[in-house]
Structures are given as C-alpha cells and as structure tokens.
Novice: 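Dropping a structure here in structure tokens format, bear with me for questions.
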Amino acid sequence: MSTPTRITHLIDGRPWTGTAERTSPVFNPATGEQTGVLDLASASLVDDVVKSAASAWEEWADASLAKRTGVLFAFRELLNDRKEDIAALITAEHGKVLSDALGEVNRGLEVAEFACGIPTLMRGGFSENASTNVDVYSIRQPLGVVAVISPFNFPAMVPMWFIPVAIACGNAVVLKPSEKDPSAALAIAALWKEAGLPDGVMQVVNGDKEAVDALLTHPDVKSVSFVGSTPIAKYVYETGTAQGKRVQALGGAKNHMLVLPDADLDLAADAAVNAGFGSAGERCMAISALVAVEPIADELISKIKDRMGKLVTGDGTRGCDMGPLVTSQHRDKVTSYLDAGVSEGATLVVDGRQDSYDSDGEGYFLAPTLFDNVKPGMSLYDDEIFGPVLSVVRVHSYDEGLKLINSNPYGNGTAIFTNDGGAARKFQRNVEVGMVGVNVPIPVPVSYYSFGGWKNSLFGDTHAHGMEGVQFFTRGKVVTSRWLDPSHGGLNLGFPQND
C-alpha cells in the first residue's frame, strides 16, 4: 500500500506550506485504500484567506472587461486541454466511471464558455433625456469576496457552476470543496493562475464545519453559493442571511419520472436506468421515483429489469457501467434502505447486494436496485437516498401522478415520458418543480439558462449560472446625471453662428 499523499489548501496561487492542526483521510472508493491526507482549515486560517482575497479583489474589480475576458478564454483552453487528467482525479476520489467524470468536466466547461461573454452579459441600460437634459443609466458592479461551498458528488462541475461567472463579474472567490474528493477542484483552481488570474482572486480552503461556519460569518464574505443536502442548505441560508449575506443554497431532491401509457416504453426504460443509476445515483438530478400510470407498470418494470441485468458494477477505471458509492458509511446507509423497504411492504425486484464486483480490494459497492409497489410514507419514497435505488410508484391516472409529484416537499427536477404533446405541455405548466424534462430524464439546463429547483430544493431566490448567476454575483446601480449645456460656458473658439 502506498503512502497517502498530502492534500492542502491553495492560497495566493500556491499550495499552503503550514502545518495543519487537523486532517482528514481521502479514500479511493473502488478499492477502500486511503490515498490522501487532507489538511483541514481552522477558522483563523479562513480569516487570513478571506482577507487576502479581499486585498486581491480590489485590483481585479478594476480590471477591464477585456482583461477579464482574456483570462476566461485562456482558462477555458487550459481546462479543455487537461480535462482527461481532471476526470481521472474525480474517478480516483469519487468513484464515478471515467466517462461520467469526463462528462462532468465538459458541463463545467460550458459555464466557462458562457462566462467568456461577460462584456455582453454585464451591459447596462441607458435612457437619454429621461427628464429635460437628464440621463438615467444602470450599471452592474461586483460584490467583493464570494464563497463557494461545493458537494462531493460533482467535485468539478458544481464549483464551475459558480466560479467562472463570479470571476468574470469581477469578484474574488474562496472555494471550500468537499473533504471527500478535493483534488479535482484544487487542480482546476490552479489553472486560473496559469490563465493569468492575479494571485488571491481564486483561493481554496479545505475543511469541515469549522471552515464553513467561518465563511458564513466572516464580515468580508459578501455572498455564499452552496450545493448539498436540504438540512445543510437550510442551515447555510439561515446563517448566511442572518449575517447580511446574499445566499443561494441548493438542497436535496426526490425526482419523479412520470410515464404515461402512450409513452415509448423502451425509451422510458432506457431513461429510467440511465437516470436512476448513473454516478451510482449520487446526483441531485437522479430519478429515484418512477411513477407508472397503469396499465403499463408490469411491462415497464420487466424492461427495466432486463436492462439492469446487463450492467457491470466496479472500478470506474475499468470500463464498468457504474462505480462505487463515495464512502463505506454512505454505502451502508444506502444499503439499510433495502431492508427497510421490504419491511415497509415494498417489493424488492432486483437486489443490488451481491458478492461480485469488477474491482480489486474492498470497494464501497452496491449494484443497481429496483423496488416495486412503493408508496408515500415509506422511507424509500420519503427520503433522498442518494444511491442506486429506483422505486416504482403505481398510479391510475395522469392527475394522480401530478398530484403525487406536487405534494412532495422537494421540487428539483422531474420528467414526463409521453407521445402526447398536449399532456406534456399541461405537465410542464402545472408541475411544481424547477427543472422539467419532456422525454428527457435528467433535465439539467445548458449553461446559458439557470440551474435550480423549487420548494425544499432551493433556499434563496437566485439559481446557478446563466443570467441569474450574473445577477447574483453583481449589484445593480442606477445613475441619474445632468450636465450643463456647453453654451453656458464663457469661452468659445468655435465658428460664430447666426441665430
């Protein structure tokens, strides 16, 4: 077994050289081997980093839009060149298969590309002669130091939802990545310096609740962007706003996929498997509740079961279909729902607990699992399991399915599968969910739209990236100006004119 590598903070463009009072282990979830030792930041270190970012911000805020755009284009090219390396870091610490990890980096790249258009995105408005000789115009200005607190399930993409837009708008960023898989975020952050970003504008502090609380309460942190579970999102929102900060806190989900009797069931089965078990179900946009409108449930379940039998679970570097869960503790928690589901009356159709996985060592595996006859009130349905567990809920009509979805406390993503355009249009209008797919199981918006849910899936009013991201990371200012007519002046060397 190799010696674990030290993983530390990125401060002022360089790895931190101090000695950490506390550390945390980092594991390869496919083998169970400890691969890293992560330095955890104290509140005092967070204070130093934020002050350094605040100092660096003053210069960056005054940088021209042309300068910012040049850095963004350079960063985009560097990330595109290194994306395979970043994907490998994700697989090594998160466990998702390499193709999925590469897809994650590519979705982050889309946000960088969107932010390259910042000169257009930051344009204000101008009204000439709003009153006699009075002009009114609007401008948008950066906030200052902004904090990003990202989760383990997308260690590259989620930070990239926020950081390129924040930097393009003229802010300085302090990122606190997940302590479970920090290396991808650190590698991406290092590329900003190579792209020409001044030292201190992009900082990374690793840590746990102590670091999070220090960011939430620091007077120089002007905003907080967070993605994670709903209880923590609520805590981040309440704590940050109580300190007068602007907060966008994206929480958990229980995403439903409504399948109508007229749907293409082969397409729906493919979608359910892809959306339910990709990234081992560790996605806030994963489909975990498949709502089947009778009489198609039996046929749809049969098609899903057949597809599940062809999936290979194992080490993400070996070409498998699905990798491990992120930690042994999380694997055990997800597995506990299988016994709970059976005891509560659900039908276990495919049991993901098996002895054979394509991996060396003791990885944190659970193969795809399928339940039928799941109902509200069961823990399978009520809880965000965040694992490869797909639950089929049977309903007897479209209206019953819609009511079920709208009654759920979460409102992140949903999908409808149908060949009826009228039903699809009615669904997208009436469903109380922030992101809707029509024959698309994971409706994650492209970068120039914004990502975010409703209800307990979002705390705050502003979604991630797109124009809402630009608005979140800037403040609006309106200027009313009047200038004296030049004819009021005394000297005039221009041509004399006949009045």
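Scope of the values below: all heavy atoms of this structure, side chains included, with no hydrogens, waters or symmetry mates.
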Novice: Any sub-3.5 Å donor-acceptor pair from Asn171's side-chain atoms to Gly144's backbone N or O?
Specialist: yes
Novice: Please check if atom CZ in Phe126 has more than 12 non-hydrogen atoms from other residues, nucleotides or ligands closer than 6.0 Å.
Specialist: yes
Novice: Rounded at 0.5 Å granularity, tell me how far SG in Cys320 sits from CZ in Phe365.
Specialist: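 Output value for this atom pair is 7.5 Å.
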Novice: Is a side-chain donor or acceptor of Lys96 paired with a backbone partner of Asn153 at a separation under 3.5 angstrom?
Specialist: yes
Novice: Report yes or no: do Arg246 and Ser223 form a side-chain donor-acceptor pair below 3.5 Å?
Specialist: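 Their side chains do not contain a donor-acceptor pair, so the 3.5 Å distance test is not met.
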Novice: Within a radius of less than 6.0 Å around CZ of Arg22, do more than 12 heavy atoms belonging to other residues, nucleotides or ligands occur?
Specialist: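 Count over threshold, so yes.
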Novice: Could you check whether Ser229 and Glu384, counting side-chain N and O atoms only, form a donor-acceptor pair closer than 3.5 Å?
Specialist: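 No, no side-chain donor-acceptor contact under 3.5 Å.
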Novice: Around atom CG of Asp461, are there more than 12 heavy atoms from other residues, nucleotides or ligands closer than 6.0 Å?
Specialist: no
Novice: Show every ring pair (Phe, Tyr, Trp, His ring centres under 6.0 Å) that has at least one partner inside residues 3-42, sequence neighbours left out.
Specialist: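 Qualifying pairs, neighbours excluded: His9-Trp16.
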Novice: Examine the side chains of Tyr235 and Asp213 and answer whether a donor and an acceptor come within less than 3.5 Å of each other.
Specialist: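 Asp213 and Tyr235 do have a side-chain donor-acceptor pair below 3.5 Å.
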Novice: Any salt bridge linking Arg6 with Asp39? Criterion: basic side-chain nitrogen under 4.0 Å from a carboxylate oxygen.
Specialist: yes
Novice: Between Arg82 and Glu194, is there a salt bridge with N-O shorter than 4.0 Å?
Specialist: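 Between Arg82 and Glu194 there is a salt bridge, with a charged N closer than 4.0 Å to a carboxylate O.
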Novice: Is any side-chain heavy atom of Thr91 closer than 4.5 Å to one of Val97?
Specialist: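 In short, these two side chains do not touch, never coming nearer than 4.5 Å.
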Novice: Atom CE of Met285 and atom CZ of Phe154: how far apart are they, to the nearest 0.5 Å?
Specialist: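 It is 10.0 Å, given to the nearest 0.5 Å.
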Novice: For Ser183 and Glu93, which I'm curious about, is there any donor-acceptor pair between the side chains at under 3.5 Å?
Specialist: yes
Novice: Are the side chain of Ser336 and the backbone of Lys333 linked by a donor-acceptor contact shorter than 3.5 Å?
Specialist: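 Confirmed, Ser336 side chain pairs with Lys333 backbone.
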Novice: Between Asp382 and Lys254, is there a salt bridge with N-O shorter than 4.0 Å?
Specialist: no
Novice: Using modelled atom types only, decide if a donor and an acceptor are shared between the side chain of Ser457 and the backbone of Gly411 within a distance under 3.5 Å.
Specialist: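 Yes; judged by distance alone, with no hydrogens or angles, the pair exists.
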Novice: Does any donor atom in the side chain of Asn80 or Lys83 lie under 3.5 Å from an acceptor atom in the other side chain?
Specialist: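 The criterion, which ignores hydrogens and geometry beyond distance, is satisfied for Lys83 and Asn80.
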Novice: Is there a donor-acceptor pair under 3.5 Å between the side chain of Ser450 and the backbone N or O of His465?
Specialist: yes
Novice: Examine distances only and state if a side-chain atom of Arg68 and a backbone atom of Ile167 form a donor-acceptor pair shorter than 3.5 Å.
Specialist: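 Side chain of Arg68 to backbone of Ile167, a donor-acceptor pair under 3.5 Å: no, none is there.
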Novice: Quick one about Thr462 and Gln248 (side-chain donor to acceptor, distance below 3.5 Å, no hydrogens or angles considered), yes or no?
Specialist: no
Novice: Salt bridge check: are Glu110 and Arg107 linked by an N-O gap of less than 4.0 Å?
Specialist: yes
Novice: Under a 3.5 Å threshold, yes or no: a donor from one side chain and an acceptor from the other, between His256 and Tyr381?
Specialist: yes
Novice: Is it the case that the side chains of Asn255 and Thr414 hold a donor-acceptor pair, with the cut-off being a distance below 3.5 Å and no angle test?
Specialist: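 No, no side-chain donor-acceptor pair sits under 3.5 Å.
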Novice: Looking at Ile385, is its backbone amide N or carbonyl O close enough to the side chain of Asp383 to form a donor-acceptor pair, meaning the two atoms are under 3.5 Å apart?
Specialist: no
Novice: So is Lys477 actually on top of Tyr137's ring, under 6.0 Å and inside 45° of the axis?
Specialist: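 Not flagged: Lys477 not positioned over aromatic ring of Tyr137.
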Novice: Does the side chain of Met435 come within less than 4.5 Å of Val444's, by heavy atoms?
Specialist: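 A side-chain contact is absent here, since even the closest heavy-atom pair is not under 4.5 Å.
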Novice: Quick one: pull up OG1 in Thr8 and CZ in Arg14 and give me the separation to the nearest 0.5 Å.
Specialist: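 Output value for this atom pair is 13.0 Å.
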Novice: Working to the nearest 0.5 angstrom, can you tell me the gap between Phe371 CZ and Tyr337 OH?
Specialist: 12.0 Å
Novice: Hey, what do you get for NZ (Lys180) to CG (Leu38), rounding to the nearest 0.5 Å?
Specialist: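 These two atoms lie 11.5 Å from each other.
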Novice: Walk me through it: do Thr230 and Phe459 pass the test side chain to side chain contact (heavy atoms under 4.5 Å, CB included)?
Specialist: CA-CA 9 Å; Thr230 286; Phe459 297 88; 4.0 Å; yes
Novice: Using a distance-only test with no angle check, is there a side-chain donor-acceptor pair under 3.5 angstrom linking Glu33 and Ser2?
Specialist: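 Note: Glu33 and Ser2 side chains meet the donor-acceptor criterion.
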